[in-house]
Amino acid sequence: MKKKPAPVATGRTNDPDGLRQRLLDTAFEAFTTRGYASTSMQDLRELAGATGGALAHHFASKKALGLAVVHERVAVAIEESWMAPMRTAPDASRGVQRVFGGIIAGLEDRGRVNGCPLNNLAVELSGEEEFRVPMAALFDAWRKAIADKIRDDRKAGRGGTASPQALATLVVATYSGAMAMARAAQSAQPLRVCAQQLKQVMAA
């Protein structure tokens, strides 16, 4: 039996979901580094290599695209970098140290610091209710993941005496501020300093 010839590549693809994901990836990178207001839809079309019609088909407006970035990219980034590692950590203190250590290593591998994507967008967009509400919910979920692990430690007779919710708020605020400083300095050193201080605080 003769083998059928391989199909000839035409250079054209029909992958609407792939294009949507590429647009989200492009917008996530642009909005969280150069800024939401500083990135136009024309910028995004050029960066993603998409037509205006394709962009409009998936996202009717820049705000719709921005909200999708919050829900589908920023939320995932916080889940993967912080919440999931805290749930599986042996205890809260070691979980926080491992997260800081992993993020520091990643920053040094990339050779640049873009900051915390949630914090970057929150600083810029918290004045807009449609953005503020889902971003506040992400901060709440982030704190809850840390507080829940601290409560587990207390039940097991580990950890200090500070309020789990207050301590979780301190961890998130310290990390967010350290990332802002690291971005300004393009150095992971603020993260190292804050990780060490949190280690001492969480043991108290």
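For clarity, every value in this text was computed on a predicted model and none was experimentally measured.
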Please step through side chain to side chain contact (heavy atoms under 4.5 Å, CB included) for the pair Met86 and Val96, ending with a clear verdict. CA-CA 7 Å; Met86 288 303 301; Val96 169; 4.1 Å; yes
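- Val123 approaches Ser126 most closely through the heavy-atom pair O-OG, 4.3 Å.
- A pairwise comparison of heavy atoms in Ala178 and Pro190 identifies O-CB, 3.8 Å as the closest pair.
- Without hydrogens or angle criteria, Gln97 side chain to Ala195 main chain gives a donor-acceptor distance under 3.5 Å.
- Within a 6.0 Å sphere centred on CE of Met41, heavy atoms belonging to other residues, nucleotides or ligands number more than 12.
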How far apart are the C-alpha atoms of Gln42 and Arg45, what are their side-chain angles, what is the distance that settles it, and do they pass the side chain to side chain donor-acceptor pair (under 3.5 Å) test? CA-CA 5 Å; Gln42 177 63 32; Arg45 288 196 297 269; 2.2 Å; yes
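- Counted within 6.0 Å of CD on Glu130, heavy atoms from surrounding residues, nucleotides or ligands total 12 or fewer; the atom is thus considered open.
- In this structure, Asp109 contributes its side chain and Gly106 its backbone to no donor-acceptor pair below 3.5 Å.
- Between Trp142 and Trp82, the ring-plane angle classifies as tilted under the 30° and 60° cut-offs.
- Across all non-hydrogen atoms, the minimal contact from Leu23 to Ala54 is CD1-O, 4.5 Å.
- Of the possible donor and acceptor atoms, one in the side chain of Lys149 sits under 3.5 Å from a partner among the backbone N and O of Ala89.
- Side-chain contact between Val74 and Phe31 is absent, with no heavy-atom pair separated by less than 4.5 Å.
- Between the Glu72 side chain and the Leu24 main chain, no donor and acceptor come within less than 3.5 Å of each other.
- Put simply, the side chain of Pro90 reaches to within 4.5 Å of the side chain of Arg98, judged on heavy atoms.
- Scanning all heavy atoms of the two residues, the minimum distance from Ser187 to Val113 falls at N-CG2, 4.1 Å.
- Residues Asn120 and Arg183 have side chains in contact (heavy-atom distance under 4.5 Å, counting atoms from C-beta outward).
- At least one side-chain heavy atom of Phe139 sits less than 4.5 Å from a side-chain heavy atom of Ser176.
- Atom OG1 of Thr26 sits about 7.0 Å away from atom CG of Leu44, to the nearest 0.5 Å.
- Leu47 and Leu19 fall into different hydrophobic clusters, where Ile, Leu, Val, Met, Phe, Trp and Tyr side chains are chained together by heavy-atom contacts under 4.5 Å.
- Note that CD of Gln186 is 9.0 Å distant from CZ of Arg112, once rounded to the nearest 0.5 Å.
- A distance of 9.0 Å separates CD of Gln165 from CD1 of Ile150, quoted to the nearest 0.5 Å.
- Note that Lys62 lies in the cation-pi zone of Tyr36, set by a 6.0 Å cut-off to the ring centre and a 45° limit from the axis.
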Does the pair Leu198 and Val171 meet the rule for a side chain to side chain contact (heavy atoms under 4.5 Å, CB included), with working shown? CA-CA 7 Å; Leu198 285 174; Val171 171; 4.2 Å; yes
Verify side chain to side chain contact (heavy atoms under 4.5 Å, CB included) between Val201 and Thr174, making sure each step is shown before the conclusion. CA-CA 12 Å; Val201 169; Thr174 300; over 6 Å; no
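- The closest side-chain heavy-atom distance from Leu138 to Val70 is below 4.5 Å.
- Applying the salt bridge (Lys or Arg N to Asp or Glu O under 4.0 Å) rule to Glu129 yields the partners Arg132; only residues at least two apart in sequence or on another chain are considered.
- Thr51 places none of its side-chain heavy atoms less than 4.5 Å from the side chain of Leu55.
- Side-chain contact between Met135 and Glu128: absent, with no pair of heavy atoms (C-beta onward) separated by less than 4.5 Å.
- Every salt bridge (Lys or Arg N to Asp or Glu O under 4.0 Å) that Lys144 has, sequence neighbours left out, goes to Asp148.
- Residues Ile104 and Met181 are members of separate hydrophobic clusters, defined by side-chain heavy-atom contacts under 4.5 angstrom among Ile, Leu, Val, Met, Phe, Trp and Tyr.
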Run Asp25 and Arg73 through salt bridge (charged side-chain N to carboxylate O under 4.0 Å, His left out) and show every step you take. CA-CA 8 Å; Asp25 288 339; Arg73 288 297 183 272; 2.7 Å; yes
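- Contact check on Glu29 versus Arg34 returns no salt bridge, with no Lys/Arg side-chain nitrogen under 4.0 Å from an Asp/Glu carboxylate oxygen.
- For the atom pair CG of Leu167 and CG of Asp153, the computed distance is 10.0 Å after rounding to the nearest 0.5 Å.
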Decide salt bridge (charged side-chain N to carboxylate O under 4.0 Å, His left out) for Arg143 and Asp140; before the verdict, give the C-alpha distance in whole Å, the side-chain angles of both, and the deciding distance to 0.1 Å. CA-CA 5 Å; Arg143 288 196 301 270; Asp140 286 344; 2.3 Å; yes
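- Residue Tyr175 holds its OH atom at 5.5 Å from SG of Cys116, rounded to the nearest 0.5 Å.
- Looking at every heavy atom in both residues, Arg158 comes nearest to Asp152 through NH2-O, 4.5 Å.
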With side chain to side chain contact (heavy atoms under 4.5 Å, CB included) as the test, would you mind laying out the steps for Leu67 and Phe131 before giving the verdict? CA-CA 7 Å; Leu67 289 170; Phe131 285 99; 3.8 Å; yes
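- No side-chain heavy atom of Arg154 sits less than 4.5 Å from a side-chain heavy atom of Thr161.
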